[in-house]
There are 2 protein chains.
Amino acid sequence: MAAKPQDPRPSPARGRRSKDTATRILDSAERLVQVRGFNGFSYADVASELGVTTASLHYHFPGKTELGRALIERYAERFAEALAEIETREAEAPARLAAYAGLYADVLRGRRMCLCGMLAAEHGTLAEPIRDRVIAFFDDNEAWLQRVIDGGRADGSMPPGAASREAARLIMSALEGAMLVARPYGDVDRFDAAASSLLATVTRAPSPAA
Amino acid sequence: MAAKPQDPRPSPARGRRSKDTATRILDSAERLVQVRGFNGFSYADVASELGVTTASLHYHFPGKTELGRALIERYAERFAEALAEIETREAEAPARLAAYAGLYADVLRGRRMCLCGMLAAEHGTLAEPIRDRVIAFFDDNEAWLQRVIDGGRADGSMPPGAASREAARLIMSALEGAMLVARPYGDVDRFDAAASSLLATVTRAPSPAA
DNA sequence: GTCTATAGGCAGATAGAC
DNA sequence: GTCTATCTGCCTATAGAC
């Protein structure tokens, strides 16, 4: 569903050769958006990185909006797969939350911002199809987090507490913010520290007073 | 130290007439950066908003970098004043933290992102003088929060807990992230909910287990 | 201080040859 | 699919008149 029908396979035999052009465009553009922002990169940047012309990019993605749309769709797809993988790998809610934070840390280690966090900052300048998908990404993340929290409370691995929806929103927002702030410092430790103290407060039992 | 010597006052008698041009430029550019990002606005945007030409802007701020620098400096100055005002108005640490979060909520109500949060997202494309000042802004905020937390623990208005520096970083990062995420939704309530559950966890006593 | 005029470059985008 | 060539428009920035 990404960009083209493209079933009549091109030359590289589709086995495990070099990726096709559309994929390489997405890879390059994705990194550029995560590092420089959607308004901070151009077709020319991608083209020169790939050694092709901008006309070629326009063949695969007619406009910057379509490229952006494809970028988020692929990103959200991969993120969803990573979340599913966490659920099969980690049984308990606290470990799942820690692994979730680890996903963010991995992105940050590549000196990148979360794609959708970046687009959220620029949302005032984005076309509607892109805005909509940014929101859908956040909604999906929240829903997953909420399910994890509810599950953890049900099986006793998480203490009871405030509404799970609010907790889910806090976790996602705080991790996005921790990435945002850590990046100018070039300091992943700063993110890790924020993430672990966040998860510590969410995971620990509520105070006796509560 | 903002932009010009400008002591030989111009026509408007400097009493309480319309603001001078440099100030009006800063006001317009500030809003544009907070809504659209530094790479999402142009001199032409500011000029048309003010009914002047871009050449006039270049007289006051030779380049976009100098404008950005002036923008942050003024923003940081005003933020510092707001923090000082909070300290005189609120005696106890929890109230001070709530007022701090209220500052962010006010910005968000104007449909704006924190200026430095926005610039942090774009930091990969910014000139060094701007990057440096973004970091300085965050450092100042963290230092203030840490002092508030330490003070609250000393006077008993805050429970003891993990390192105050980490707590300060978490608060600032989480509030920046809550703004970032809430803005595409156009939903200030979403921010308020995240802020209050954040402050609730920071303000409440640590768990019996801890 | 603000203007007109303009330079010079880069942006996103398209037509049409190969 | 990818290229060359080109368009139009916007961008930052400057020179010089008023």
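What you are looking at is a predicted structure, and each value in this text was computed from that prediction instead of being measured. Below, read A as the first sequence line, B as the second, and so on, with proteins coming before strands; counting in each chain starts at 1.
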Between [N] atom [atom2] and [X] atom [atom1], what is the distance in whole Å?
X       : N      : atom1 : atom2 : value
B:Ile25 : C:dT2  : CD1   : C1'   : 11 Å
B:Leu57 : D:dT14 : CG    : P     : 13 Å
B:Asn39 : D:dT12 : CG    : C1'   : 13 Å
B:Leu50 : C:dG1  : CG    : C1'   : 14 Å
A:His58 : D:dT6  : NE2   : P     : 18 Å

Plane angle bin for A:Phe137 and A:Phe79 - parallel if under 30°, tilted between 30 and 60°, otherwise perpendicular: perpendicular

Would you tell me if any nitrogen or oxygen in the side chain of [X] comes within less than 4.0 Å of OP1 or OP2 on [N]?
X       : N      : value
B:Thr21 : C:dT2  : yes
A:Thr53 : D:dC3  : yes
A:Tyr59 : D:dG1  : yes
B:His60 : C:dT2  : yes
A:Ser42 : C:dA11 : yes

B:Arg24/B:Asp27 ion pair, N-O < 4.0 Å: no

Taking only Lys NZ, Arg NE, NH1 and NH2, and the carboxylate oxygens of Asp or Glu, determine whether B:Glu90 and B:Arg96 approach each other closer than 4.0 Å. no

Counting side-chain heavy atoms from CB outward, which of [options] is closest to [X]?
X       : options               : value
A:Ala44 : C:dA5, D:dT12, C:dA11 : C:dA11
A:Lys64 : C:dT2, C:dG12, D:dC3  : C:dG12
A:Tyr43 : C:dA13, D:dA13, D:dC3 : C:dA13

Side-chain donor-acceptor contact under 3.5 Å, A:Ser197 with B:Glu166: no

